[in-house]
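Just follow the structure's listing: the first ligand is 1, and inside any ligand the first atom is 1.
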Amino acid sequence: MFDLNKLLRNNIRQLVPYSSARDEFKGEARIFLDANENSFGSPLPTDYNRYPDPMQWKLKYKLADIKGVPPQHIFIGNGSDEVIDVLYRALCNPGVDNVILCPPTYGMYEVSAHINDVVIRQVSLTEDFQLDMPALQQAIDEHTKLIFVCSPNNPTANSINREDIEVLLNSFEGILVVDEAYINFARQKTFIQELTEYPNLVVMQTLSKAWGLAALRVGMAFASEEIIQVMNKIKPPYNISQAAQELALQALENIAQVNEWIRETVIERDKLAASLEKLPLVVKVYPSDANFILAKTIDAKAIYQYLVTLGIVVRDRSRVELCAGCLRITVGTPEENEKLIAALADYKIEVGSIK
Ligand SMILES: *Cc1c(COP(=O)(O)O)cnc(C)c1O
């Protein structure tokens, strides 16, 4: 049986959260002398002299509209990185509790675990980049508080089998985080609609990828009200700036433009994959459900360096487990993709072999 109270660290269960001026006075007033702000204004055309809404309600109501999830089920973090950090701090006693990670996957799960002194149990993906279910079941013990599953997965670009995630949701008594940073590009549907089904599910999404707002730092978690309330208690009171809240809200009005970009990206992705497959230096192009492609090459390091000399940067993932020889290539604009393919077509295979 899932019991959030039992999973929480003692200090978090007992935590009395910070109460800000904005929390303590909620009514209508004309004169605000409660937060030591600059009452004259700010040296900007728009006034930023007042502290922002700590709960980001306007933004959450807009997201609720788009996602079909009530606002009380949404947490907004300063990027997904804050969501990951807050989950570790809520659940994992340093040096005692563990998280299960499934490499090759997103690096921040591991870094954030190290920062929080959380024990890491690695259960590598299978050769076809799926969950190793028997090994996962083996790795879970009474100190396992969290499992991160990234789907579509970074850097492998594939979606994780839905049935496997469902088996975990049904059997695991800790919290299962499904990171859907790339869900907008996937054939697989989101797990957001399953929140009512699974009390142990946290779905992560972000405005950094399809929404084109990486610089704003807006990450989201969708979960039960109970989990969201704990996360709210832990986060810094004003974790999302007024500017980020306003700009995100404005961007969310432009859903048609974003959908158009998603369609274009998917078309470009499939074109890019086909072009890459024809190149002699490419050994294998892995199927992608994301806005990037993982390609195995004859010499990732040399090809990476060669591209840099032409002003093109891709990600060398060749040192990552199961990704020997692999480059991770973000789908660019049609012009950018053409330049990349032209550059790779010009690559002299001998160049790569001179060490
Ligand atoms: C890019 C990415 C994110 C987004 O991180 P932000 O901090 O929201 O920008 C989250 N998860 C994965 C797997 C990613 O690749």
Side-chain angles (χ1 to χ4, degrees), residues 56 59-60 63 67 74-89 99-113 115-116 122 125 129-131 146-160 165 175-186 188 190-192 201-223 231 235-236 239-241 243-245 247-248 251-252 258 261-262 265 269 286 288-294 313-317 320-323 326-332:
Q56 310 101 20
L59 185 51
K60 284 179 184 170
L63 285 168
K67 302 289 177 185
I74 305 175
F75 173 87
I76 302 179
N78 192 313
S80 306
D81 301 342
E82 186 172 48
V83 175
I84 298 166
D85 178 68
V86 164
L87 286 169
Y88 281 133
R89 284 190 286 153
V99 60
I100 296 180
L101 304 180
C102 305
T105 193
Y106 187 45
M108 266 320 280
Y109 313 142
E110 181 173 353
V111 173
S112 192
I115 291 168
N116 287 293
Q122 313 254 23
L125 295 176
F129 301 144
Q130 290 297 330
L131 297 176
L146 278 165
I147 301 176
F148 281 92
V149 172
C150 187
S151 182
N153 186 40
N154 179 4
T156 61
N158 62 301
S159 288
I160 301 300
I165 295 175
I175 286 179
L176 179 70
V177 184
V178 181
D179 185 348
E180 295 187 339
Y182 300 99
I183 193 68
N184 308 83
F185 308 102
Q188 167 108 233
T190 172
F191 266 89
I192 280 187
L201 170 64
V202 172
V203 178
M204 268 177 27
Q205 293 188 2
T206 179
L207 298 187
S208 296
K209 305 287 155 67
W211 282 93
L213 298 170
L216 282 195
R217 311 308 303 130
V218 178
M220 300 161 282
F222 303 87
M231 297 176 77
K235 76 176 183 69
N239 60 327
I240 311 295
S241 76
Q245 292 188 43
L247 290 169
L252 291 173
V258 174
W261 281 329
I262 292 167
T265 302
R269 172 186 76 198
Y286 292 92
S288 171
D289 239 3
N291 66 341
F292 59 88
I293 291 172
L294 188 74
V313 200
V314 297
R315 199 91 199 268
D316 178 3
R317 298 280 79 185
V320 171
E321 167 168 13
L322 299 178
C323 296
C326 287
L327 295 174
R328 193 193 69 190
I329 303 167
T330 305
V331 177

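- Of the residues Val331, Leu327, Asn154, the one that meets the side chain to side chain contact (heavy atoms under 4.5 Å, CB included) test with Phe292 is Asn154.
- The stretch residues 207-218 participates, sequence neighbours left out, in these salt bridge (Lys or Arg N to Asp or Glu O under 4.0 Å) pairs: Asp81-Arg217.
- Each of the atoms 13 (C) of ligand 1 lies under 4.0 Å from some heavy atom of Cys150.
- Expressed to the nearest 0.5 Å, how far CZ of Arg315 lies from SG of Cys326 amounts to 13.5 Å.
- Counting protein heavy atoms only, atom 5 (O) of ligand 1 is closest to Ser80 OG, 3.5 Å.
- A search for ring-ring contact (aromatic ring centres under 6.0 Å, His included) contacts involving Phe191 returns nothing, not counting sequence neighbours.
- Summary of contacts: the protein heavy atom closest to atom 11 (N) of ligand 1 is Asp179 OD2, 2.7 Å.
- Atoms of ligand 1 lying under 4.0 Å from at least one heavy atom of Ser208, given by number and element, are 6 (P), 8 (O), 9 (O).
- Between the side chain of Arg269 and the backbone N or O of Ala290 there is at least one donor-acceptor pair closer than 3.5 Å.
- Checking Asn184 against Gln205 by side-chain atom types alone, no donor-acceptor pair falls below 3.5 Å.
- The distance from ligand 1 to the heavy atoms of Gly79 drops below 4.0 Å at these ligand atoms: 7 (O), 8 (O).
- Proximity to Asp81 (heavy-atom distance under 4.0 Å) selects the following atoms of ligand 1: 7 (O).
- When heavy-atom distances to ligand 1 are checked against a 4.0 Å cut-off, Glu82 has no atom that comes that close, whether in backbone or side chain.
- Distances below 4.0 Å separate heavy atoms of Tyr182 from the following atoms of ligand 1: 1 (C), 14 (C), 15 (O).
- Gln188 and Asp289 share no donor-acceptor pair across their side chains, judged by distance under 3.5 Å alone.
- Ring geometry for Tyr109 against Tyr106 counts as perpendicular: the plane angle is over 60°, on a 0 to 90° scale with 30° as the lower cut.
- Note: no N/O pair closer than 3.5 Å links Tyr109 and ligand 1 by distance alone.
- Counting atoms of ligand 1 from 1 in the listed order, those under 4.0 Å from a heavy atom of Ala181 are 2 (C), 3 (C), 10 (C), 11 (N), 12 (C), 14 (C).
- Nearest to atom 7 (O) of ligand 1 by heavy-atom distance, out of Gln205, Met220, Arg217, Glu180, is Arg217.
- Of all atoms in ligand 1, numbered sequentially from 1 with element shown, those under 4.0 Å from a heavy atom of Lys209 are 1 (C), 2 (C), 3 (C), 4 (C), 14 (C), 15 (O).
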